[in-house]
Amino acid sequence: MDRLPRDFYSQDTMTVARALLGQQLVRDLEGQRVSGRIVEVEAYDGQQDQASHARSGPTERNASMFGPPGHAYVYFIYGVHYCFNVVTEPRGKGAAALVRALEPVVGLDEMRARRGGRDGIALANGPAKLCYALGIDRALDGTDLVEGKALWIERDEAVPDAHVARGPRIGVRGDEWALNVQWRFWIDGNAYVSK
DNA sequence: CTCTCGATGCGCT
DNA sequence: GCGCATCGAGAGA
C-alpha cells in the first residue's frame, strides 16, 4: 500500500483528523511489521486551542508540533505513558492530530507480548495503549512519517461520512470552547474505539 | 458493573 | 510545587 504523502498532512487539522480514520499506522520493529487501522482521532488546532500543548507557544517538549507536517509528535504524560500525534498544517502552526485507538491488523503476537499478554480490543484502544503495542516512545518524536523507516501511515480503506461519529475531546482542560468543540472523530460502532 | 486512586517524569508558573 | 491529551488494580454494590 502507498504511504500518505506530505500534502495529506499539510491540510487543515480537522480534515486530516477525519481523513486518518481507516488509514493504517505501521511500525517497523527490527524488520517485523506491526500495524493497525486508525479508528479514533482528535484534532488539536494550534496556539488558540486552550486544550493543546501548543497553547503557550513552542517549547522544548512540543517543538515537533511546530515543525513541518507529516512528522510524529510523541509526548510523555503522567510520568508513565506516551501518546502519538501526527503534525498537521504548515510549519509554525503548532497543530496536530492525536491518534487515540487502533484496530490491530498485522503483528498481533508482537502486540500481545508488548501489552503484557492482553488481547483483543485491549491491545490498542487508547492513546497510550497503542504506543505500548507498537513500541512508540520519545525516541520517535520528530520522526518523518513520509520518508522515515520506523513509522509511517499507509492508505487503506476510506471510511464514508455515514460511518464517522464526532464529539468533544476526552480528558482535556481549557476554556468552555475547548471543552465543547467536537474535534474527536471515530468510526461509529467500531469495537476498538477507546472507552 | 461503577468508582476511586496510585503511579511517577517533567514542563511550566 | 502543581498538574497533566492515561491506565489498570482494587473496592464496593
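Both backbone and side-chain heavy atoms feed into the values below; hydrogens, waters and symmetry mates do not. Chain letters run A, B, ... following the sequence lines, proteins first, then strands; residues in each count from 1.
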Phosphate OP1/OP2 of [N] contacted by [X] side-chain N/O (<4.0 Å):
X      : N      : result
A/S56  : B/dT13 : yes
A/S52  : C/dA5  : no
A/R115 : C/dG8  : yes
A/H81  : C/dC7  : no
A/R173 : C/dA5  : no

Give one of base, sugar-phosphate or nothing for [X], where a contact means two heavy atoms less than 4.0 Å apart.
X      : answer
A/R61  : sugar-phosphate
A/R118 : sugar-phosphate
A/N62  : nothing
A/V80  : base

In whole angstroms, how far is the [atom2] atom of [N] from the [atom1] atom of [X]?
X      : N      : atom1 : atom2 : result
A/Y82  : B/dG9  : OH    : P     : 11 Å
A/Y44  : C/dC4  : OH    : C1'   : 12 Å
A/R184 : C/dT6  : CZ    : P     : 11 Å
A/F76  : C/dT6  : CZ    : P     : 14 Å
A/Q50  : B/dC12 : CD    : P     : 15 Å
A/R100 : C/dC7  : CZ    : C1'   : 12 Å
A/I77  : C/dC4  : CD1   : P     : 9 Å
A/K195 : B/dT2  : NZ    : C1'   : 14 Å

### Task
Determine yes or no for a side-chain-to-main-chain donor-acceptor pair under 3.5 angstrom, with A/H71 supplying the side chain and A/G142 the backbone.
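Yes, A/H71 side chain to A/G142 backbone: donor-acceptor pair under 3.5 Å.
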### Task
Answer yes or no: is there a donor N or O on one side and an acceptor on the other, between the side chain of A/R55 and the main chain of A/S52, under 3.5 Å?
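Yes, because the side chain of A/R55 sits within donor-acceptor range (under 3.5 Å) of the backbone of A/S52.
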Open item on the list: Could you check whether atom CZ of A/R173 has more than 12 heavy atoms from other residues, nucleotides or ligands sitting under 6.0 Å from it?
Closed with: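 It does not: A/R173 CZ has 12 such atoms or fewer within range.
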Contacts table for residues 90-106 of chain A: side-chain donor-acceptor under 3.5 angstrom, sequence neighbours left out:
unit_1: A/K93; atom_1: NZ; unit_2: A/D45; atom_2: OD1; d: 3.2
unit_1: A/K93; atom_1: NZ; unit_2: A/E89; atom_2: OE1; d: 2.8
unit_1: A/K93; atom_1: NZ; unit_2: A/E89; atom_2: OE2; d: 3.3
unit_1: A/R100; atom_1: NE; unit_2: A/E40; atom_2: OE2; d: 3.0
unit_1: A/R100; atom_1: NH2; unit_2: A/S194; atom_2: OG; d: 3.4
unit_1: A/E103; atom_1: OE1; unit_2: A/N190; atom_2: ND2; d: 2.9

**Request:** Check DNA chain B against residues 121-144 of chain A and give the residues with a non-hydrogen atom under 4.0 Å, in numerical order.
**Result:**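 Under 4.0 Å from DNA chain B: no residue of residues 121-144 of chain A.
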For DNA chain C, the expected dot-bracket line (Watson-Crick or G-U under 3.5 Å, [ ] crossing, | inter-strand) is ||||.|||||||.
Suppose you measure atom C1' in B/dC10 against the same atom in C/dG8; what distance do you get, rounded to whole Å?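 Comparing C1' positions in B/dC10 and C/dG8 gives a spacing of 22 Å.
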Tell me whether the ring of A/Y78 lies stacked over the B/dG9 base, given a 5.5 Å limit on centroids and a 30° limit on the plane angle.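 Stacking is absent between B/dG9 and A/Y78, given that the ring centres and planes do not meet under 5.5 Å and under 30°.
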Query raised in the report: Are A/R61 and A/R138 close enough that some pair of their side-chain heavy atoms sits under 4.5 Å apart?
Result: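 A/R61 vs A/R138: side chains touch.
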* To do: Evaluate the side chain to side chain contact (heavy atoms under 4.5 Å, CB included) criterion for residues A/W177 and A/L179: first the C-alpha distance (whole Å), next the side-chain angles of each, then the deciding distance (0.1 Å), finally the verdict.
  => CA-CA 5 Å; A/W177 178 85; A/L179 293 180; over 6 Å; no
Rounded to the nearest 0.5 Å, how far does [atom2] of [Y] lie from [atom1] of [X]?
X      : Y      : atom1 : atom2 : result
A/I136 : A/L25  : CD1   : CG    : 5.5 Å
A/E157 : A/R37  : CD    : CZ    : 5.5 Å
A/Y75  : A/N85  : OH    : CG    : 6.0 Å
A/L130 : A/M111 : CG    : CE    : 9.5 Å

